[in-house]
Amino acid sequence: MSGGAVASLPEGLLDGGVWFRVEEPGTASAVRRAAERLAASLDMPEQRIGDLSIVAAEAAGNLVKHAAQGTILVRVIRAADEAGVELIAIDSGPGMIDVQRSIGDGHSTAGTLGIGLGAILRQASRWDLHSVPGKGTVLSVQVWPGAAPNPGWAAGLTRPLNGETASGDAYAVREIDGRRQLLLSDGLGHGGLAAAASHEAVRGFHQAPAVRPAQMVEVLHRMLGHTRGAALAVAELDAEAGVVRYAGLGNISGTVLAPDGGRRGMVSMPGIAGHQRRQVREYDYPLAPGAIVVMHTDGLVDRWNLADYPGLVTRTPEVIAATLLRDAGTRRDDAGVLVARVS
């Protein structure tokens, strides 16, 4: 976790953002200041910076008052030529018994005026929330300078190992020539050199032509030879054909969650992109309308089940990813998770 300044990231990289552990009122102020600085760096209008300031202060304040093990991610979000700021607030309890009542003004469990959550949602361009009593709450809030763009079909989160400021995990999403493609990369080791390897994978992914996942993995393998190397996987969601095409090297977990509750793992080959590889193979898996694709690094354990979270499958990819990171993520490693939904 960090309370430092927001770092600039290479062009084309989905911004990892800054994580805060929110336990004291002073940390809530740091979250607000970081959000304001980030918005100012994007030349966001003053009014929207003010709205974002309210969102950040109230979200962090709610964690201080109500939550257990509260954290907030502050990051840039991008769509086409637009940029906004997103806050993702996560806690491990106590959760909300009645979400709709909690959203309304005048409801409080801490003796306050009960306008915090309502104020957040009024200033937001877009928001989503999921809460389960006893498990906790995840809130995603986006503030855009103007009208919010259409919701994205995929979203991810990365979090560095405790004590590190840079995560060796990175992800990217693109639509090119009618192809919807995902990349998740786990740079070998931790820290700056691991991050550099994954950032190179992201850069190559965005620059490459519209090729199938196995070809993309081959391209990235050649590109990463001068880096420490990475485990990585590429998925392509083809809703028209009803398949997801998947190819990977190393320990990236991929899962297809069917609308009927079925779960199917996807196969990556042994190896390290940039250094060691056998034959790269691509596999096709059935992809029904309404299915969800989840990819994550070994910074998350595989013992998760979305059925344990009533209603979560209907939430946005951001909220699903944040819930999995909270409950399946380990603090002993960088963690990255990427979620996509088939419309």
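Scope of the values below: all heavy atoms of this structure, side chains included, with no hydrogens, waters or symmetry mates. All of these numbers come straight from a predicted model, not from anything done at the bench.
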Mark yes or no for whether H190, through its side chain, and A166, through its backbone, hold a donor-acceptor pair below 3.5 Å. no
Same cluster or not: V267 versus L338, using hydrophobic residues (I, L, V, M, F, W, Y) connected whenever any side-chain heavy atoms lie under 4.5 Å apart? yes
Below 4.5 Å, heavy atoms only, C-beta onward: do L117 and L129 meet side chain to side chain? yes
I'd like to know whether CZ of R263 has more than 12 heavy-atom contacts from other residues, nucleotides or ligands below 6.0 angstrom. yes
Can a donor-acceptor pair be found, under 3.5 Å and without considering hydrogens, that links the side chain of N251 to the backbone of D298? no
Minimum heavy-atom separation for Y285 to G265, with atom names? CE2-O, 3.7 Å
Does any non-hydrogen side-chain atom of E23 lie less than 4.5 Å from one of T27? no
Nearest 0.5 Å, please: how far is CD1 in I77 from CH2 in W144? 4.0 Å
Are any side-chain N or O atoms of D91 and backbone N or O atoms of T137, one a donor and one an acceptor, separated by less than 3.5 Å? yes
Can you confirm whether more than 12 heavy atoms, excluding those of Q207, are under 6.0 Å from its CD atom? yes
Run the numbers on D302 and S253 for side chain to side chain donor-acceptor pair (under 3.5 Å), then give the verdict. CA-CA 8 Å; D302 285 320; S253 296; 3.3 Å; yes
V244 and M266: which non-hydrogen atoms are nearest, and at how many Å? CG1-SD, 3.9 Å
Indicate yes or no: at least one non-hydrogen side-chain atom of I88 is less than 4.5 angstrom from one of I72. no
Flag yes if more than 12 heavy atoms outside Q69 fall under 6.0 Å of its CD atom; otherwise flag no. no
Main chain of V211, side chain of Q181: is a donor-acceptor contact present, judged purely on distance under 3.5 Å? yes
Count the heavy atoms belonging to other residues, nucleotides or ligands that lie under 6.0 Å from CG of N150, then report whether that count exceeds 12. no
Flag the pair D169 / S185 as yes when at least one side-chain heavy-atom distance between them is below 4.5 Å, and no otherwise. no
Pairwise distance CG(L312) to NZ(K135) - rounded to 0.5 angstrom: 11.0 Å
Using atom types as modelled and distance alone, determine if a side-chain donor or acceptor of R174 lies under 3.5 Å from a backbone N or O of F205. yes
M295 vs V337 side-chain heavy atoms within contact, under 4.5 Å: no
In sequence, state the C-alpha distance, the side-chain angles, and the governing distance for W153 and L182, and then conclude on side-chain contact (heavy atoms from CB on, under 4.5 Å). CA-CA 11 Å; W153 55 275; L182 310 168; 3.6 Å; yes
List the steps, then state whether side-chain contact (heavy atoms from CB on, under 4.5 Å) holds for V217 with L249. CA-CA 8 Å; V217 171; L249 280 177; 3.9 Å; yes
Donor-acceptor pair, D51 side chain versus Q123 backbone, under 3.5 Å? no
Test: R212 and E282 ion pair at under 4.0 Å: yes
Are E86 and R126 close enough for a salt bridge, meaning some N to O gap below 4.0 Å? no
Using a distance-only test with no angle check, is there a side-chain donor-acceptor pair under 3.5 angstrom linking D327 and Y309? yes
Exam field: side chain R341 to backbone V313, donor-acceptor pair closer than 3.5 Å: yes
Atom pair OG1 (T165) and CH2 (W19), whose distance is rounded to the nearest 0.5 Å: 15.0 Å
Kindly write out the residues that satisfy side chain to side chain contact (heavy atoms under 4.5 Å, CB included) with A307, not counting sequence neighbours, or none if the list is empty. N305
Note: R203-E200 ion pair, threshold 4.0 Å (strictly below): yes
Verify side chain to side chain donor-acceptor pair (under 3.5 Å) between S140 and D128, making sure each step is shown before the conclusion. CA-CA 5 Å; S140 166; D128 192 29; over 6 Å; no
Might you work through the side-chain contact (heavy atoms from CB on, under 4.5 Å) test for L324 and V294, ending with a clear yes or no? CA-CA 10 Å; L324 293 178; V294 177; 3.9 Å; yes
Between I252 and T297, is any pair of side-chain heavy atoms under 4.5 Å apart? yes
About how many Å separate CD of E218 and CD of Q279, when rounded to the nearest 0.5 Å? 9.0 Å
Could you report the tightest heavy-atom contact between G189 and R228, atom names first, then the distance? CA-NH1, 3.8 Å
Does the side chain of L73 reach to within under 4.5 Å of the side chain of I90, using non-hydrogen atoms? no
Electrostatic pair R78:E82 at N-O distance under 4.0 angstrom: no
Under 3.5 Å, is there a donor-acceptor pair linking the side chains of T71 and R159? no
Is there a path of hydrophobic side-chain contacts, each under 4.5 Å between heavy atoms of I/L/V/M/F/W/Y residues, joining V64 to I54? no
Do T158 side-chain atoms and S167 backbone N/O form a donor-acceptor pair below 3.5 Å? no
Donor-acceptor contact present, side-chain R326 to main-chain S92, <3.5 Å: no
Answer yes or no: is there a donor N or O on one side and an acceptor on the other, between the side chain of S198 and the main chain of A195, under 3.5 Å? no
Indicate, with yes or no, if L188 and M223 share a hydrophobic cluster defined by side-chain heavy-atom contacts under 4.5 Å among Ile, Leu, Val, Met, Phe, Trp and Tyr. no
Check the hydrophobic clustering (I, L, V, M, F, W, Y; side-chain heavy atoms under 4.5 Å; chains of links allowed) and say if L183 and I272 are grouped together. no
Taking every non-hydrogen atom, the tightest pair across G250 and S268: O-CB, 3.4 Å
Between A56 and A35, which heavy-atom pair has the shortest distance, and what is it? CB-CB, 4.0 Å
Is R245 positioned over the aromatic face of Y283, cation under 6.0 angstrom from the ring centre and no more than 45 degrees off axis? no
Just do the side chain to side chain donor-acceptor pair (under 3.5 Å) check on S125 and Q142 with the steps written out, would you? CA-CA 6 Å; S125 302; Q142 298 180 1; over 6 Å; no
Should L287 and D238 be marked as a side-chain contact (heavy atoms from CB on, under 4.5 Å) after you check the CA-CA gap, both sets of side-chain angles, and the distance that decides it? CA-CA 8 Å; L287 192 68; D238 188 337; over 6 Å; no
Distance check, rounded to the nearest 0.5 Å: I120 atom CD1 versus L139 atom CG? 5.5 Å
R315 vs T323, test: side chain to side chain donor-acceptor pair (under 3.5 Å). Steps then yes/no. CA-CA 11 Å; R315 308 322 310 173; T323 301; over 6 Å; no
Spatial distance of atom CG (L121) from atom CD (E58) [nearest 0.5 Å]: 10.5 Å
Heavy atoms only: give me the nearest A39-L52 pair and the separation to one decimal. CB-CD2, 3.6 Å
Flag the pair L237 / V243 as yes when at least one side-chain heavy-atom distance between them is below 4.5 Å, and no otherwise. no
